[in-house]
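Since the structure comes first, as structure tokens, the remarks are kept for the end.
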Amino acid sequence: RSICNNVVVSMLCDRQGRLWVGTNRGLDRYDEALGGFVHYQFPENIQPRISEIVQLRSDSILLVTAGYGAYLVGDDSRLLPTDAYADSANNHYFTHIFEDSKGRVWKTGYDNTVVMRSNGKFQHIQSKGEPMGIVERDGEVLIIGLRGIVSYCEGKLCDDVIDMRVIAGRDVLFSSVGTDADGNIYIGTRGSGLFRILRGSHRLERYDVSVFGTNLNTAKVWSILSD
């Protein structure tokens, strides 16, 4: 059984090895025993765009949508709506969601604002253009924006922690972000290929993608997943 829609927006390989796929019209999970995908039914038969899927520290699966809010996957596989991550009653649009090692939850919407939820309170943080993703390393949260990277560490926001000279003078637009098991960060672009920040480094560098057997230097990289 195939996924419910061919437009894949987000993916997650969780700590139990399960593959979750968020599409333009709903959520699917790969079932190895069935050899295909299981489709999840939303309340009132809506078919939302799944902006992002994450596994929380509690091991619960949380997914956020474009216009229909956030949902937790229940033990019985039901999708349970939750308002815990909405900073206002009418804010049901999510583009990204992320939980850091301190239990703070970061979310983004369709403005250029990142919202951080800690102890039930919300803090608004400005990114460099539309937020493309959020990652963490060594207690530092990096917010990848359309046109740059800012860092949030020890309650302070800094915009000069990453050496960006590799793209100086070029109109590079970031589009996606992911990490691998070694703590390296990979950043995709809209037509300028793939970049990375190695663990322990604060320098952005072009990633040698010759291992893929093709030249991705001018590729559009919309999604990054490390299994």
Side-chain angles (χ1 to χ4, degrees), residues 3-5 7-15 18-30 37-75 77-118 120-127 129-136 141-146 152 174-179 188 222-225:
I3 57 177
C4 60
N5 186 269
V7 179
V8 175
V9 182
S10 54
M11 294 184 292
L12 169 70
C13 184
D14 68 21
R15 289 186 286 273
R18 300 170 298 184
L19 176 64
W20 301 82
V21 179
T23 75
N24 211 34
R25 293 180 65 83
L27 175 71
D28 294 280
R29 176 180 55 81
Y30 183 74
F37 287 89
V38 175
H39 181 61
Y40 283 75
Q41 192 73 35
F42 280 81
E44 300 180 3
N45 294 320
I46 61 173
Q47 295 179 312
R49 175 186 174 92
I50 310 300
S51 301
E52 191 150 48
I53 314 165
V54 297
Q55 186 171 25
L56 301 175
R57 295 192 304 167
S58 64
D59 278 344
S60 297
I61 300 298
L62 172 68
L63 56 111
V64 294
T65 70
Y68 293 92
Y71 294 82
L72 290 165
V73 179
D75 293 336
S77 295
R78 287 192 304 160
L79 296 177
L80 309 174
T82 174
D83 291 328
Y85 307 99
D87 56 309
S88 67
N90 297 318
N91 193 350
H92 301 297
Y93 283 86
F94 294 81
T95 54
H96 299 284
I97 194 83
F98 175 77
E99 184 184 37
D100 66 23
S101 59
K102 296 182 179 180
R104 300 174 302 192
V105 175
W106 304 71
K107 56 154 285 190
T108 67
Y110 284 113
D111 53 15
N112 292 343
T113 300
V114 178
V115 180
M116 185 261 286
R117 178 181 182 266
S118 179
K121 297 181 179 180
F122 294 93
Q123 178 181 349
H124 290 71
I125 299 169
Q126 199 70 19
S127 68
E130 179 186 348
M132 295 292 107
I134 304 170
V135 293
E136 181 185 18
V141 174
L142 296 180
I143 303 168
I144 315 300
L146 179 67
Y152 187 89
F174 296 136
S175 58
S176 56
V177 61
T179 58
W222 295 109
S223 184
I224 301 170
L225 173 68

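- Checking side-chain atoms of E52 against main-chain N and O of I97 turns up a donor-acceptor pair under 3.5 Å.
- Inter-residue side-chain proximity for T82 and Y71 is flagged as unmet; no heavy-atom pair is nearer than 4.5 Å.
- Applying the side-chain hydrogen bond (donor to acceptor under 3.5 Å, both in side chains) test to S77 and every residue at least two apart in sequence or in another chain returns nothing.
- Contacts of F174 classified as ring pair (Phe, Tyr, Trp, His ring centres under 6.0 Å), with partners at least two apart in sequence or in another chain: none.
- Annotation: ring pair (Phe, Tyr, Trp, His ring centres under 6.0 Å) contacts of Y68 (sequence neighbours excluded): none.
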Going through the checks in order, is the side-chain contact (heavy atoms from CB on, under 4.5 Å) test met by L72 and L56?
CA-CA 10 Å; L72 290 165; L56 301 175; 4.2 Å; yes
Residue pair V21, Y30: steps toward the side-chain contact (heavy atoms from CB on, under 4.5 Å) verdict:
CA-CA 8 Å; V21 179; Y30 183 74; over 6 Å; no
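- Looking at residues two or more places apart in sequence or on another chain, you find a salt bridge (Lys or Arg N to Asp or Glu O under 4.0 Å) between R78 and D76.
- To the nearest 0.5 angstrom, L79 atom CG is 11.5 Å from I61 atom CD1.
- For the residue pair L12 and V54, the shortest heavy atom distance occurs at CD2-C, 3.8 Å.
- Take D59 and apply the salt bridge (Lys or Arg N to Asp or Glu O under 4.0 Å) test, not counting sequence neighbours, and it matches R15.
- A cation-pi arrangement is absent between K107 and Y85, since the terminal nitrogen or guanidinium carbon is not both under 6.0 Å from the aromatic centre and inside a 45° cone about the axis.
- Expressed to the nearest 0.5 Å, how far CG of N24 lies from CZ of R49 amounts to 5.0 Å.
- R29 pairs by the side-chain contact (heavy atoms from CB on, under 4.5 Å) definition with R18, W20, D31, V38, Y40, not counting sequence neighbours.
- The side-chain contact (heavy atoms from CB on, under 4.5 Å) check on K102 picks up D100, R104, with sequence neighbours excluded.
- You'll find the side chain of I134 reaches within 4.5 Å of the side chain of T108, heavy atoms only.
- Looking only at distances, a side-chain donor or acceptor of H96 sits under 3.5 Å from a matching main-chain atom of M132.
- Partners of Q123 according to the side-chain contact (heavy atoms from CB on, under 4.5 Å) rule, which considers only residues two or more places apart in sequence or in another chain, are M116, I125, Y152.
- Residues that satisfy the side-chain hydrogen bond (donor to acceptor under 3.5 Å, both in side chains) test with S176, not counting sequence neighbours, are absent from this structure.
- Partners of S60 under the side-chain hydrogen bond (donor to acceptor under 3.5 Å, both in side chains) rule, at least two apart in sequence or in another chain, are S58.
- The residue from L27, V73, L62, V9 that alone fulfils the side chain to side chain contact (heavy atoms under 4.5 Å, CB included) condition with I53 is L27.
- Note that the CE atom of M11 and the CD1 atom of I50 stand 14.0 Å from one another [nearest 0.5 Å].
- In this structure, CZ on F122 lies 8.5 Å from NE2 on H124, to the nearest 0.5 angstrom.
- Between H92 atom NE2 and T65 atom OG1 the span is 9.0 Å, to the nearest 0.5 Å.
- Annotation: side chain of I143 is in contact with side chain of W106 (closest heavy-atom distance under 4.5 Å).
- Distance check: L19 CG to C13 SG gives 6.5 Å after rounding to the nearest 0.5 Å.
- Using modelled atom types, no side-chain atom of N5 and backbone atom of T23 make a donor-acceptor pair closer than 3.5 Å.
- The side-chain contact (heavy atoms from CB on, under 4.5 Å) check on S51 picks up V64, A66, with sequence neighbours excluded.
- For the side-chain hydrogen bond (donor to acceptor under 3.5 Å, both in side chains) test, residues two or more places apart in sequence or in another chain that qualify with S101 are E136.
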